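Below is one structure; the comments refer to it alone.
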Amino acid sequence: MTRMLASVTGVDEAEIALAGGVDIVDLKDPKAGALGAVSIQTLSRTISLIAGRAPVSAVCGDLPMEPETIRAKAEEIAATGVDYVKIGFFPSANAAACAAALEPLAARTKLIAVLFADLAPDFELLPVFAKHRFHGAMVDTANKANGRLLDHLPPEQIPGFVDRAKSLGLMVGLSGSLEAPDIPRLLPFAPDFLGFRGALCGDSGRTGSISAEAVSQIRELVPEVSRAGGSSSVDYRLLAARGYSPDTDPTLGTDKIFVRDFVLPVQIGAYSFEHGHTQKVRFDVTADVLQVTDHPEDMRHVFSYDIIMDGIRTIVARGHVQLSEALAEQVATYILENPRVVRVTVRVEKLELGPGGVGVEIERKRQSAGRGVASGSAGRKGQSAVSQPRQERPEVVRRAVVKLGGSTVRAAELESWIAALAGSKLPVVIVPGGGLFADQVRETQIRMDFSDTAAHAMAILAMEQFGQIILDRDERLAPARSLQEMARASDAGKVPVWLPSSLALSAPDIPVSWDITSDSLAAWLAGKLGAKALLLIKQTGAFFGSDTIDSLATRGIVDAGFAAMLPDGVDFHLAGPKDAAGAGALLAAGNLPGVAIAAPVRPARKAG
Ligand SMILES: O=C[C@H](O)COP(=O)(O)O
């Protein structure tokens, strides 16, 4: 779930922010630069006032990129007992040295690196932050008079940042003069938090004071994380954030939201001469959107056409698409993921191949166009009742292998996932990811230069480390090192958690390579078990029902070996943080959360 961070100047504004239900209170002096620091006294007093009612972050100021200067200031801020210390990384050759200087502090305080979208951010610093044990990274803007985040970091580039950070185990945030219309455009990328200041100040501007009304308006658009940690089968807050709720007047009709003559350069076409370059493609999209009120007042009540254009840009940015039909399907699937959309028409037209244009127009609609909220997870992707080009309807499966990503180890959703899997009526075997334990192996191999064989073994043991954490969380789980132990655990009414070293290290058909991570090992186990389904649980939501395994591998969402390791006939599902809330109900009913991904198209496998 995406949390709301509010930047405040001290105790008075902190009270307003807390009353407005913000998730993280951030101390910042907007009159002292991009990351203006408040005084230590103000910070201490505000921490005392908040008294644990919400996590507190604080910025260090617009400091020169000098390791010792930054380390000293961060130590001073950390000494106040703040939960997160935000450190600005302005463009500098010293950035890595500054990150290294902070590692000792990172071992005891959660550090968040702040990059600046308007200062040519170097996202190659993300692995450096992870290497030096930072807790998170975010993007903000330095010059608040020079536009918003999306003016500098276009939507199609955001999955790359968010997804890369999460794959490194970093908490990830987006901010930078964000306004209400930006929120529904950014939520699909599932950042861990969105940061606000200017939008909370109403007409007074970010150097004015935040207002309770402005805080409330933004709060309504960012679905509130369930503080109880509980999960409900339907995330009404998420629906409310999208301006849709089950008690909407059923007599209301639909509006047509459209984008016309949206022309982009697209890598598309099946012919060889169409590869290696782009061609102009025109998109025309019309979405039938359930009305939520006949008096629309603000962003809660509308479906932004920006979402349609962002979705098209994001899909196009993934790379070459063979067919116009496939591109149209991907666009339709993306748009129908919003619960208010009941029907969508997508027209894709190549403008450089024919007299006026050639292409395809498709119409896709939600099968149950009623107003009732789809049962199960409202945030569930690709498994709504939408008429999908592929068989997407969940079906009871004999057994599923479920890989719980190591990047969930720090996530708020971890407990929900473990509870859902431990309570599953669907026979599952849990495969733990390697996560930050495996990242430690990669880092150590760089420093000590040992072989890939050793690293491979260590990474598999890293999976066992996370496996022990999972086992420790729920007594309905049981360790299993062999297929027999898995069977015995299931027979005893327990859910087996695979501790892979015994099986995986002796398996001749598991290559020794960093291309093979717990994704591929989970696929391998699915083959050994004859499982009907495989679910990968990730800490990113930057994927869609229209993705293919190749497009997922290209973006690093599954490992490079996964396509080859996935057995034929196994239903592959992918789930992210938004699916955690509804996972319990789905698994209890024998279904899988998340979105079904099409099986890879393979040449006929040799017999034998
Ligand atoms: O991270 C939060 C920042 O303080 C956002 O401030 P802003 O909305 O004025 O850019």
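For the single chain, residues carry numbers from 1 onward in sequence order. For ligands, and for the atoms within them, numbers begin at 1 and follow the listed sequence. If you're wondering where the values come from, they're calculated on a predicted model, not measured in any experiment.
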Nearest protein heavy-atom contact for atom 9 (O) of ligand 1: which residue, which atom, what distance?
-> Arg206 NE, 2.7 Å

So which protein heavy atom does atom 7 (P) of ligand 1 come closest to, and at what separation?
-> Ser177 N, 3.5 Å

Show which atoms of ligand 1 fall inside a sub-4.0 Å distance from at least one heavy-atom site of Met138.
-> 1 (O)

Output a table of donor-acceptor pairs, distance under 3.5 Å, between side-chain atoms of residues 127-134 and any protein atom two or more places apart or on a different chain; print 'none' if there are none.
unit_1	atom_1	unit_2	atom_2	d
His132	ND1	Glu103	OE1	2.7

Per-atom filter on ligand 1: closer than 4.0 angstrom to a heavy atom of Gly176 are 10 (O)

Salt bridge or not for Asp255 and Arg340, using N-O below 4.0 Å?
-> no

Identify, by atom number and element, the atoms of ligand 1 in contact range of Lys144, meaning under 4.0 Å from any of its heavy atoms.
-> 6 (O), 7 (P), 10 (O)

So is Ser7 polar-close to ligand 1, meaning N/O to N/O under 3.5 Å?
-> yes

Salt-bridged, Glu15 to Arg53, with N to O below 4.0 Å?
-> yes

Atom indices of ligand 1, in the order listed, that fall short of 4.0 Å to a heavy atom of Lys86 | 1 (O)

In residues 190-201, what donor-acceptor pairs under 3.5 Å come from side-chain atoms, sequence neighbours left out?
unit_1	atom_1	unit_2	atom_2	d
Asp192	OD2	Val172	N	2.8
Arg197	NE	Arg206	O	2.8
Arg197	NH1	Ser7	O	2.9
Arg197	NH1	Glu13	OE1	2.6
Arg197	NH2	Glu13	OE2	3.3
Arg197	NH2	Arg206	O	3.2
Arg197	NH2	Gly208	O	2.8

Which of the atoms of ligand 1 are close to Leu5, meaning less than 4.0 Å from one of its heavy atoms?
-> 1 (O), 2 (C)

NZ/NE/NH1/NH2 to OD/OE distance under 4.0 Å, Asp310 and Arg313 = yes

N/O separation below 3.5 Å, Gly198 to ligand 1 = yes

Ser518 and Lys403: side chain donor to acceptor below 3.5 Å | yes

Is any side-chain heavy atom of Ser57 less than 4.5 Å from a side-chain heavy atom of Ile112?
-> no

Closest to atom 3 (C) of ligand 1 by heavy-atom distance, out of Glu179, Arg197, Lys28, is Lys28

